[in-house]
Protein chains: 2
Amino acid sequence: MLHLLGSTKHAEKRKSTLVKMDEVIFDFLSKYIELTQEEKDIISDLKFIRSYKKGSVLLSEGDLGKECFFILKGCIYSYYLVEGELKVTEFFTEKQAITPVSYTLKKPSEYYLECLEDCIVSIGSQERSAEIMKKIPRLATLGPNFLEDELASQRMKYDTFIKLSPEQRYQNLQEQSPELLNRIPQYLIASYLGIKPESLSRIRKRLLKASGS
Amino acid sequence: MLHLLGSTKHAEKRKSTLVKMDEVIFDFLSKYIELTQEEKDIISDLKFIRSYKKGSVLLSEGDLGKECFFILKGCIYSYYLVEGELKVTEFFTEKQAITPVSYTLKKPSEYYLECLEDCIVSIGSQERSAEIMKKIPRLATLGPNFLEDELASQRMKYDTFIKLSPEQRYQNLQEQSPELLNRIPQYLIASYLGIKPESLSRIRKRLLKASGS
DNA sequence: GCTTTTCATTGACCTGGGTTAAGAAATCGC
DNA sequence: GCGATTTCTTAACCCAGGTCAATGAAAAGC
């Protein structure tokens, strides 16, 4: 997913915003590697940034997604369309990387990626990754570490889903990521929890009653 | 998960069986890398094999699992114990590698690994991986590829679970891995599908009636 | 600002899976 | 082989979540 990386012709925006955006990238990378100022400059130079309006679809079913994404600002969600019904699998926000299965496996995507808000996104590709790797070879160590983290968190996600009831999953979400509840419409939250909006309403009412008494 | 690998003092078994077991390892590795006879010999030499009786627990909640596993023969399943209740998350059989989260993240395990049958297992550790890597450095390329595969399949597993109803999940399992149904007790299958044994019985009856008419 | 659309909630009713309990079938242990 | 144990099935009843439909609230369009 080394996609924070790549050449850009876009560098004509307001400087101050771009510098702030770069910090988001470095903040993310610092989890895996310490960069010198020189290296940061290289990345700032080569990254490729694009912005999207709310509702933009970054990846559709059937697409041979050749791009991966890193969110600088905004919120993106992934979902399947099964028999016309939306099945949300994940929400992504600032400082999160999105590596579609179709990117890794080089085959058509089975799901969608869509902007829930206006977004600023850094876009990666195989070519741009290669380019940046050539200039900062030690970034290669980052790959396996990132993959390991992703694998672990994907497993935890599955296991949590298995272990909890819909009601417990909602409570869990409240505790783990309360900010999402104030940012994402409830019918999408419901889908993410594996239930219908009506059921989520009832669960919320039930919990309010229980905590209020 | 480079754990097919490591020194053994166990090499006193029947030769023929061991050779056959080695083939299982090479068959697995051939998905990622082509090995010379020389390299195969090195691996045969260094691998560490152990056998377990049905019911043996390879990893318990709280264990700091310092081992990973590769199944040569038999069947292993992973499960959580939540409020006394078994929640099966996966079945593993021949030619499958098991890399516990606790192994990767070096923290206590939250789940169990248990033998469903008598098993023959190749056991890996950080030290043994390092040892074999020293002798066959190009095995290092295997790591990221394996991680990518694992990540993709873990995601697909989650997504399939999200998308399907319990009944559809059973049908899906029938199509994808019919052999598991003839190998694993139904109460564990039920748990794996996220339902109770009684419900699985009903589903089976429903499907039989539907296909029989 | 006003209209239109989208989203959230509520109620009545349905349904598939959970619970409990019992008996049948398969497997294990000796 | 035979009793003990484990696993599977069935039945009756319960309940959380699904469905359908109506209403209210909030956002988005113009």
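The sequence lines fix the lettering, A, B, ..., with proteins before strands; numbering per chain opens at 1. This structure is a prediction, so every number in the text was calculated from the model and none was measured. These numbers come from the heavy atoms of this one structure, side chains and all, not from hydrogens, waters or symmetry mates.
- Under the side chain to side chain donor-acceptor pair (under 3.5 Å) criterion, Q174(A) pairs with no residue, sequence neighbours left out.
- First and last contacts of DNA chain C with chain B, using any nucleotide atom under 4.0 Å from a protein heavy atom and ordered 5' to 3', fall at dG17(C) to dC28(C).
- Near DNA chain C, defined here as any heavy-atom distance below 4.0 Å, the residues from residues 186-193 of chain A are Q186(A), Y187(A), listed numerically.
- The distance from the CD atom of Q126(B) to the CD atom of E131(B) is 13.5 Å, given to the nearest 0.5 Å.
- Residues satisfying the side-chain contact (heavy atoms from CB on, under 4.5 Å) criterion with E90(A), sequence neighbours excluded, are S78(A), F92(A), K157(A), Y192(A).
- Within the model, atoms CG of L164(B) and CG of L173(B) stand 11.0 Å from one another, a figure rounded to the nearest 0.5 Å.
- Applying the side-chain contact (heavy atoms from CB on, under 4.5 Å) criterion to D149(B), with sequence neighbours excluded, gives Y32(B).
- Inter-axis angle, ends of the helix from dG1(C)-dC30(D) to dC30(C)-dG1(D), five pairs per end, rounded to 10 degrees: 70°.
- Aromatic ring orientation, Y77(B) versus F91(B): tilted (interplanar angle from 30° to 60°).
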Let me check something: any side-chain donor-acceptor pairs from residues 193-204 of chain A under 3.5 Å, sequence neighbours excluded? List them with distances.
unit_1  : atom_1 : unit_2  : atom_2 : d
K196(A) : NZ     : E85(A)  : OE2    : 2.1
S199(A) : OG     : R202(A) : NH2    : 3.2
R204(A) : NE     : Q186(A) : OE1    : 3.2
R204(A) : NH1    : Y170(A) : OH     : 3.1

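- Under the side-chain contact (heavy atoms from CB on, under 4.5 Å) criterion, P108(A) pairs with no residue, sequence neighbours left out.
- Taking N145(B) as the reference, nothing meets the side chain to side chain donor-acceptor pair (under 3.5 Å) condition, with sequence neighbours excluded.
- Results of the ring pair (Phe, Tyr, Trp, His ring centres under 6.0 Å) test with Y79(A) over Y187(A), Y112(A), Y111(A) single out Y112(A) as the only residue that passes.
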Per-nt protein contacts along nucleotides 16-30 of chain D (heavy atom under 4.0 Å; B base, S backbone sugar-phosphate only, - none) come out as -BBBB-------S--

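- For DNA chain C, no neighbouring residue in residues 169-183 of chain B is found when judged by any heavy atom under 4.0 Å.
- Remark: E110(A) CD to Y80(A) OH distance equals 5.5 Å, nearest 0.5 Å.
- Looking only at side-chain heavy atoms (C-beta outward), D118(A) and S51(A) stay at 4.5 Å or farther from each other.
- Applying the side chain to side chain donor-acceptor pair (under 3.5 Å) rule to pairs touching residues 64-76 of chain A yields nothing, sequence neighbours excluded.
- Between T160(B) and R169(B), the closest side-chain pair of non-hydrogen atoms is not below 4.5 Å.
- For the pairing with T93(B), the side chain to side chain contact (heavy atoms under 4.5 Å, CB included) check across L116(B), L180(B), I71(B), I76(B) returns one residue only, L180(B).
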